[in-house]
There are 2 protein chains.
Amino acid sequence: MRSGNNVASADGSSLAERIRHEMDAFTPSEKRAAHLLLSHYPFAGLDTVAEFASRAGISAPSALRFVTRLGFSGFPEFQKHLREELEAQLLSPLAKASPGDKSHGAPALSSFAEAVIANLTATVENIAPTEFDAIVALLSDRRRHIHFTGGRFTGALARYAESHFRIVRSDVHFIESQPALWRDRMIEIGRKDVIVSYDIRRYQEDVIALSEAAAKQGATVVLLTDPWLSPIARVARHILPAHVTVPSNWDSSAGLMLLTEALVAAVTKHLWETAKPRMEAVERLRNPKS
Amino acid sequence: MRSGNNVASADGSSLAERIRHEMDAFTPSEKRAAHLLLSHYPFAGLDTVAEFASRAGISAPSALRFVTRLGFSGFPEFQKHLREELEAQLLSPLAKASPGDKSHGAPALSSFAEAVIANLTATVENIAPTEFDAIVALLSDRRRHIHFTGGRFTGALARYAESHFRIVRSDVHFIESQPALWRDRMIEIGRKDVIVSYDIRRYQEDVIALSEAAAKQGATVVLLTDPWLSPIARVARHILPAHVTVPSNWDSSAGLMLLTEALVAAVTKHLWETAKPRMEAVERLRNPKS
DNA sequence: CGAAAGCCGTATCAGAAATTTCAAGACAAT
DNA sequence: ATTGTCTTGAAATTTCTGATACGGCTTTCG
């Protein structure tokens with residue numbers, strides 16, 4: 001495994017560039033392989049050796065010799081490199097897709113913002129509409145009680161959700177994730193309850209335990225998590241994954257915030273008939289006069 | 001939107017779309033596979049069955065059943081389809097990244113997301129770089145105590161900020177905005193303290209009062225608010241406004257979240273020498289073993 | 001012209017990957 | 001409780017792919 005060699009191009013340049021550069025040094029068969037690969041780069045290299053060789057009009061061993069000469073230990077490694085290159089290339093345009101970009105703002109801020117925006121886009125595109133709608137229906141069911149919970153950081157999001165839903169409808173609760181604080185409340189959780197759990201990586205034991213306990217009691221569990229899915233997924237009825245990776249030592253919860261706000265908006269609209277008077281009442285309580 | 005729509009998919013369009021559509025008909029294992037695939041679409045499906053299954057946390061046969069259910073005769077055919085789809089998509093850059101596209105996602109969700117993203121862009125573009133940097137410097141000053149506070153909804157953001165900064169540095173506090181809860185704490189607030197207040201429209205009396213009291217004691221006030229500026233602006237030393245308007249009965253705090261996370265990232269980087277051991281210590285406490 | 005060197009493809013093998021089988025477990029309905 | 005259905009993963013099986021050895025062929029150079 002001397003993978004430390006020069007296979008991975010340091011600059012953003014692709015393998016294709018190196019192939020063009022070394023083209024003269026190839027044998028005739030290798031040139032045929034190289035030309036095929038470049039003409040359909042990199043897809044031509046993604047099926048089997050036999051297929052690749054046949055399209056190039058050469059034999060399988062020649063194709064093997066070709067990739068070996070490029071510095072790969074074998075065909076699978078060659079394909080892996082192509083896939084990774086492709087993935088990187090496909091993802092970057094999204095981040096750079098801000099047109100009028102000469103944005104000022106601290107450089108740290110604007111590049112961070114780009115990453116967050118890319119996350120939001122990716123998050124929305126990967127949500128199943130039915131999943132989202134099903135959750136909206138669930139949270140709009142006034143016969144059910146709703147409980148929000150989350151971990152160290154995501155707990156704040158759970159609170160954020162709770163503080164909105166509390167106004168839109170009744171029977172909305174926030175549960176601290178520490179077992180000592182929910183053990184006794186668990187007796188009230190049953191088939192008609194909905195648990196909305198927030199949990200992203202460095203998944204938190206107590207949130208998992210809470211969700212599993214609630215599921216065991218027959219409650220419906222809704223999970224907001226990262227794309228790698230918290231273990232809570234095992235007991236969750238519905239899952240909304242959000243992308244969280246940003247250039248920071250921390251994960252970003254902006255995607256979870258987006259989903260939360262979208263849920264709040266949708267449920268508010270759905271329950272508008274009953275939500276409106278509630279919101280007005282709250283407004284009146286805050287401004288007793290005027 | 002009937003003209004100039006996508007030319008990419010002549011057949012049943014993207015497989016991803018179909019998966020989202022049939023999501024609720026899947027078994028739990030299939031859902032895990034589906035979520036993995038969608039979260040890294042389509043690259044997650046380009047490895048071997050074993051790899052794919054392992055990442056999804058299911059067994060190889062379950063992964064096989066998943067692709068079979070999608071209508072493919074086997075895994076290789078499934079992968080071939082993914083590759084072809086990818087190639088088609090890459091060849092027609094117009095097909096993707098079109099801003100106002102009729103993308104999937106619940107319509108409510110995607111239009112909501114578009115508004116949020118527009119807000120984030122506008123927010124970043126209107127931040128004065130010096131302002132952002134000055135705040136980072138302020139929060140990176142370890143001789144100062146930092147206090148976060150916020151209102152009904154924004155309080156959750158203040159907590160979110162606090163839970164991160166608490167790990168990055170010492171002397172970080174959260175203050176409840178109810179006067180009864182901060183009156184006595186005010187005697188400890190002085191010239192060396194920093195108050196970070198979150199307040200958006202329907203500006204909240206108690207947050208304003210708290211901020212003004214702190215300012216009167218000589219504390220430095222940092223304000224995160226909406227573009228119309230909370231009254232706190234009069235006593236604030238630094239202001240970061242975020243756009244909040246979305247198609248909903250509520251305002252969106254996603255911009256505030258973005259700014260918060262950007263501040264956390266910047267300060268963490270700035271204080272890395274001392275933040276790193278702190279973060280490691282926290283990690284060790286959470287995982288006493290391993 | 002002859003010989004050496006290198007290049008290429010056929011045939012074959014080893015091993016990995018996909019697929020099928022099957023039994024255990026979960027769940028719902030009765 | 002009990003049965004039947006559905007789901008799942010471990011293990012056995014099959015298929016197929018990537019890799020290699022070897023001999024023929026072409027090219028090159030003395």
Side-chain angles (χ1 to χ4, degrees), chain A residues 1-2 7 22-37 42-83 190-192 212-221 229 231-237 239, chain B residues 22-37 43-83:
Chain A
M1 257 309 159
R2 43 203 67 269
V7 166
E22 296 181 18
M23 185 65 83
D24 304 338
F26 290 149
T27 71
S29 279
E30 287 168 348
K31 278 185 187 170
R32 306 190 71 170
H35 279 120
L36 172 68
L37 180 57
F43 301 98
L46 260 48
D47 31 26
T48 67
V49 176
E51 184 76 9
F52 177 70
S54 145
R55 288 201 198 189
I58 61 177
S59 71
S62 292
L64 260 298
R65 283 187 277 263
F66 171 66
V67 302
T68 300
R69 176 184 253 271
L70 290 176
F72 299 98
S73 71
F75 206 75
E77 187 188 318
F78 166 68
Q79 292 187 317
K80 187 181 172 205
H81 176 89
L82 289 182
R83 286 203 307 265
R191 204 166 305 274
K192 307 231 85 181
E212 285 175 345
K216 185 161 289 180
Q217 304 261 28
T220 303
V221 175
L229 302 190
I232 296 174
R234 289 194 165 283
V235 299
R237 185 99 160 67
I239 304 174
Chain B
E22 297 179 15
M23 183 63 82
D24 44 4
F26 290 148
T27 70
S29 281
E30 287 168 346
K31 277 187 187 169
R32 306 199 78 187
H35 275 119
L36 172 68
L37 181 57
F43 300 98
L46 261 44
D47 292 304
T48 64
V49 174
E51 183 76 10
F52 177 72
S54 138
R55 288 200 198 191
I58 60 178
S59 69
S62 291
L64 259 297
R65 282 186 279 262
F66 172 65
V67 302
T68 300
R69 178 185 250 275
L70 291 176
F72 299 99
S73 71
F75 206 75
E77 186 188 319
F78 165 69
Q79 291 186 319
K80 188 182 172 197
H81 177 89
L82 288 182
R83 287 200 309 265

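Throughout, a chain's letter reflects where its sequence line sits, starting with A, and its residues are numbered from 1. Please read these numbers as outputs of a predicted model, since none were measured by experiment.
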What is the separation between atom CZ on A:Phe66 and atom P on D:dA19, rounded to the nearest whole Å?
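Going from A:Phe66 (CZ) to D:dA19 (P), I get 14 Å.
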Send over the distance from A:Glu30 CD to C:dC8 P, rounded to a whole Å.
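Checked: the CD to P distance equals 6 Å.
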B:Gln79 side chain vs B:Gly45 backbone, donor-acceptor pair below 3.5 Å
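Judged by distance alone, yes, a pair lies under 3.5 Å.
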Between A:Gln217 (side chain only) and A:Gly190 (backbone N and O only), is there a donor and an acceptor less than 3.5 Å apart?
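No: the side chain of A:Gln217 does not pair with the backbone of A:Gly190.
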Going by salt bridge (Lys or Arg N to Asp or Glu O under 4.0 Å), name the residues that satisfy it together with B:Arg55, two or more places apart in sequence or in a different chain.
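Scan of B:Arg55 (salt bridge (Lys or Arg N to Asp or Glu O under 4.0 Å), adjacent residues dropped) gives B:Asp47, B:Glu51.
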With the side chain of [X] defined as its heavy atoms from C-beta on, choose the nearest nucleotide among [options].
| X | options | value |
| --- | --- | --- |
| B:Leu64 | D:dG9, D:dT20, C:dT19 | C:dT19 |
| A:Thr48 | D:dT17, D:dG9, C:dG9 | D:dT17 |
| B:Pro61 | D:dG18, C:dA18, C:dT20 | C:dT20 |
| B:Pro28 | D:dT8, C:dA18, D:dA19 | D:dT8 |

For a quick test of reading the model: is some side-chain N or O of A:Thr27 closer than 4.0 Å to OP1 or OP2 of C:dG6?
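No, A:Thr27 has no side-chain N/O under 4.0 Å of OP1/OP2 on C:dG6.
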Ignoring backbone atoms, establish whether A:Ser62 has a side-chain N or O less than 4.0 Å from OP1 or OP2 of C:dG9.
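Yes, within the criterion.
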Counterpart residues, side chain to side chain contact (heavy atoms under 4.5 Å, CB included), relative to [X] (two or more places apart):
| X | result |
| --- | --- |
| A:Lys80 | A:Arg83, A:Glu84 |
| A:Ala233 | A:Leu223, A:Leu229, A:Ile239, B:Arg32 |
| B:Glu77 | B:Phe72, B:Ser73 |

For residues 57-76 of chain B, which residue pairs pass the salt bridge (Lys or Arg N to Asp or Glu O under 4.0 Å) check, not counting sequence neighbours?
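Pairs touching residues 57-76 of chain B that pass the test: B:Glu30-B:Arg69.
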Would you please name every residue forming a side-chain hydrogen bond (donor to acceptor under 3.5 Å, both in side chains) with A:Ser29, sequence neighbours left out?
none
Report the residues that fulfil side-chain hydrogen bond (donor to acceptor under 3.5 Å, both in side chains) with A:Thr220, sequence neighbours left out, ordered by chain and then residue number.
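side-chain hydrogen bond (donor to acceptor under 3.5 Å, both in side chains) check on A:Thr220 returns nothing, list empty.
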Considering only nitrogen or oxygen atoms on both sides, find all protein atoms under 3.5 Å from nucleotides 22-28 of chain C and state each distance.
none

Where along residues 50-59 of chain B does a heavy atom come under 4.0 Å from DNA chain D, residue by residue in number order?
B:Ser59
